[in-house]
Trainee: 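Structure below; questions to follow.
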Amino acid sequence: RRNQTLICAPIMADTVDQMLNLMQNAKTSGADLVEVRLDSLKSFNPQSDIDTIVKQSPLPTLFTYRPTWEGGQYAGDEASRLDALRLAMELGADYIDVELKAIDEFNTALHGNKSAKCKVIVSSHNYDNTPSSEELGNLVARIQASGADIVKFATTALDITDVARVFQITVHSQVSSVPIIAMVMGEKGLMSRILCPKFGGYLTFGTLEVGKVSAPGQPTIKDLLNIYNFRQLGPDTKIFGIIGKPVSHSKSPLLYNEAFRSVGFNGVYMPLLVDDVATLFRTYSSLDFAGFSCTIPHKEAIVDCCDEVDPTAKLIGAVNCVVRRPDGKLFGCNTDYVGAISAIEEVLQGSQPIMSGSPLAGKLFVVIGAGGAGKALAYGAKEKGARVVIANRTYERARELADVVGGQALSLDELSNFHPETDMILANTTSIGMQPKVDDTPISKEALRYYSLVFDAVYTPKITRLLREAQESGVNIVTGVEMFIGQAYEQYERFTGLPAPKELFKKIMAGY
Ligand code: SKM
């Protein structure tokens, strides 16, 4: 274990018995403490219920009784609420959470009888946004001045760069020895929850089950421990991530984190829900942020955000891998085309006698989509000697890409009736058919018989409707999973300087 940061499981249930069960689960899952959300109880007898919970909890307890005016469920009078928290303190709670807005009243009622064992967390929640650094600094000062043992504030991420201001405050609190819990809620704030140990946060919240959150954006304890290697994170841990929008479907965190762990590489890899890459890079410019993968829809815009771009990626016009050099400069390259083209070649090779040169040479290669991945596939196919056709929803974009690679352009509507010959290759590079819209497909099933191989860059689900219909038509398929694994090899090598664990990557993806 490389850090002291605790994992706290929020416990919300209708009854005390259910709470006690969940608390056992929390312990089994690896949590360090539980947050008992008294406001979730349907009926509550303060004296006996708190006593039972304190006595029977398998883990240290934090009692929270969140009122509706701070985002909780308690709608009763304030005096009874604060009485219950005081009672929790008397009955042996390890921590209680009192809202900043209520702390003066709480302190007055306490008459200086603070239990020595119980730490008071004074908290503030902002469900609208993340204020400026200055405002956050003032907030922390006010919380500290209230007599808090531990400062807690949670804000809401409107943009992933909001998290930077909160990290800054956490680091600063370390310097002045103020224990702090600082979270940014929402999917765009996820890294604030995962990276607590790197920046020295006192605790982070981890849920028992997916979606059973007490505040937006909480990861599960399982993911914190098993995916993000939470106990191994520390000040020197390098940060990596996949830039995308959407991004929660990405399997990249599964691949890289497990591979990092297998060789003891001190890094963590996270999903980064990004609106604007330029702003991301401008904000997270330290050497800590060591590398990025990039997916839909940012692969093209990211090219101009890099300090240097590999010549092939520049030709393609899309970058899916960025590494930070020791001098801080960002270098972008494209590992997609090698990943996809080699997977396709492998299957084509399998059905033909071994020959020199690429089995793609001379084939009619139809690419659906003219975005980042479309450009990579078109470039790769062209380089292997195929004749390239681009089909895209917006015809003009198809035309532009076709002009670059010297091919033909179609609108997506024309695709199902396009079959100048048989034995063609089809590659979908759009997100059509990706979860959750798994019933979508870019081409009619009837048209698939003109193809000898169909590839889909979508990998969630592994077998898209397009691939299923290709299989039903007796056509060879290459899944997005194969491309996904292929493109990850080079990224891993660039991120770590180590050889890619190819077998491990295949094993991880086979299990999904
Ligand atoms: O090019 C890759 C990207 O590097 C990672 C990725 C993902 O994690 O879903 C998908 C592809 O766009």
Side-chain angles (χ1 to χ4, degrees), residues 187 190-191 223 227-228 239-260 267-274 277 280 290-303 305-306 309-310 312-313 316-324 330-344 367-380 427-436 455-462 464 478-496 500 505-506 508-509 512:
E187 191 183 346
L190 179 65
M191 63 165 166
D223 286 357
I227 299 181
Y228 301 111
I239 303 167
F240 300 85
I242 163 84
I243 295 170
K245 185 183 176 177
V247 76
S248 61
H249 65 278
S250 171
K251 303 289 175 197
S252 288
L254 295 180
L255 278 194
Y256 297 101
N257 286 313
E258 189 164 340
F260 290 169
V268 60
Y269 186 107
M270 295 169 298
L272 307 172
L273 181 57
V274 172
V277 180
L280 178 88
F292 303 91
S293 308
C294 183
T295 191
I296 284 179
H298 296 306
K299 289 184 181 187
E300 295 155 282
I302 201 170
V303 175
C305 304
C306 298
V309 175
D310 163 81
T312 305
I316 293 171
V319 157
N320 76 323
C321 173
V322 179
V323 285
R324 192 180 301 279
L330 293 170
F331 170 79
C333 60
N334 191 301
T335 71
D336 274 337
Y337 82 103
V338 175
I341 295 291
S342 47
I344 292 170
V367 177
I368 309 174
K375 286 175 171 162
L377 265 287
Y379 171 89
N428 173 45
T429 67
T430 69
S431 56
I432 298 173
M434 183 164 115
Q435 277 166 2
F455 161 78
D456 201 334
V458 172
Y459 70 89
T460 52
K462 179 173 177 176
T464 56
V478 172
T479 72
V481 171
E482 288 149 87
M483 169 183 181
F484 177 68
I485 295 175
Q487 61 80 35
Y489 294 155
E490 186 184 336
Q491 294 211 48
Y492 180 87
E493 290 173 0
R494 289 184 181 271
F495 289 159
T496 63
F505 279 4
K506 286 181 192 158
I508 296 167
M509 291 309 290
Y512 124 76

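Every number for a ligand or one of its atoms is a count from 1 in the order of the listing.
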Trainee: Quick one: look up the protein heavy atom nearest atom 4 (O) of ligand 1 and list residue, atom name and how far away it is.
Mentor: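 Result: Gln491 NE2, 2.7 Å.
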
Trainee: Could you identify the single nearest non-hydrogen protein atom to atom 11 (C) of ligand 1 and state the distance to 0.1 Å?
Mentor: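 I find the closest protein heavy atom is Lys299 NZ, 3.6 Å.
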
Trainee: Just which atoms of ligand 1 are under 4.0 Å from any heavy atom in Ser293?
Mentor: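 In order of numbering, the contacting atoms are 4 (O).
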
Trainee: With atoms numbered from 1 as shown, which atoms in ligand 1 lie under 4.0 angstrom from a non-hydrogen atom of Asn320?
Mentor: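 Contacts of ligand 1 toward Asn320, numbered from 1: 1 (O), 2 (C), 4 (O).
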
Trainee: Taking the side chain as everything from C-beta on, heavy atoms only, tell me whether Val322 gets closer than 4.5 Å to Ile302.
Mentor: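 Yes. Closest side-chain heavy atoms under 4.5 Å.
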
Trainee: Please examine the side chains of Thr312 and Tyr379, heavy atoms only from C-beta on, and report whether any two atoms are closer than 4.5 Å.
Mentor: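 A side-chain contact exists here, since the closest heavy-atom pair is under 4.5 Å.
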
Trainee: Number the atoms of ligand 1 from 1 as they appear, then name those within less than 4.0 Å of a heavy atom of Phe484, with their elements.
Mentor: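 It comes down to these atoms of ligand 1: 6 (C), 7 (C), 8 (O).
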
Trainee: So do the side chains of Phe484 and Lys251 get within less than 4.5 Å of each other, counting heavy atoms only?
Mentor: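 In contact.
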
Trainee: Which residue owns the protein heavy atom closest to atom 5 (C) of ligand 1, what's the atom, and how far is it?
Mentor: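 The closest one turns out to be Ile242 CD1, 3.4 Å.
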
Trainee: Does only the side chain of Asp336 get under 4.0 Å from ligand 1, or the backbone, or both, or neither? Count heavy atoms.
Mentor: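 It is the side chain that touches ligand 1; the backbone stays farther off.
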
Trainee: For the residue pair Tyr269 and Phe240, categorise the inter-ring angle as parallel (less than 30°), tilted (30 to 60°) or perpendicular (more than 60°).
Mentor: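 Geometry flag for Phe240 against Tyr269: parallel rings.
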
Trainee: Any nitrogen or oxygen of Lys251, side chain or backbone, less than 3.5 Å from one on ligand 1?
Mentor: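 The answer is no, given that Lys251 and ligand 1 share no N or O pair closer than 3.5 Å.
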
Trainee: Find out whether Tyr337 and Ile316 are in side-chain contact, i.e. whether some heavy atom of one side chain is under 4.5 Å from a heavy atom of the other.
Mentor: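 Sidechains of Ile316 and Tyr337: in contact.
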
Trainee: Taking the side chain as everything from C-beta on, heavy atoms only, tell me whether Pro246 gets closer than 4.5 Å to Met434.
Mentor: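 In short, these two side chains touch, coming nearer than 4.5 Å.
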
Trainee: Which residue holds the protein heavy atom closest to atom 9 (O) of ligand 1, what is that atom called, and what is the gap in Å?
Mentor: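 Protein heavy atom with the smallest distance to atom 9 (O) of ligand 1: Tyr459 OH, 2.6 Å.
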
Trainee: Side chains of Asn320 and Thr335: any donor to acceptor distance under 3.5 Å?
Mentor: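 Checked: Thr335/Asn320 side chains pair up, N/O donor to acceptor below 3.5 Å.
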
Trainee: With a heavy-atom distance limit of 4.0 Å, tell me whether Cys294 approaches ligand 1 through its side chain, its backbone, both, or neither.
Mentor: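 Near ligand 1, Cys294 shows its backbone, while the atoms from C-beta on stay back.
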
Trainee: Any N/O of Thr295 closer than 3.5 Å to an N/O of ligand 1?
Mentor: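 Yes, there is a polar N/O contact under 3.5 Å.
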
Trainee: Check whether any side-chain heavy atom of Phe331 lies under 4.5 Å from a side-chain heavy atom of Cys306, and answer yes or no.
Mentor: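 The answer is no, as the side chains (C-beta and beyond) never meet within the 4.5 Å cut-off.
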
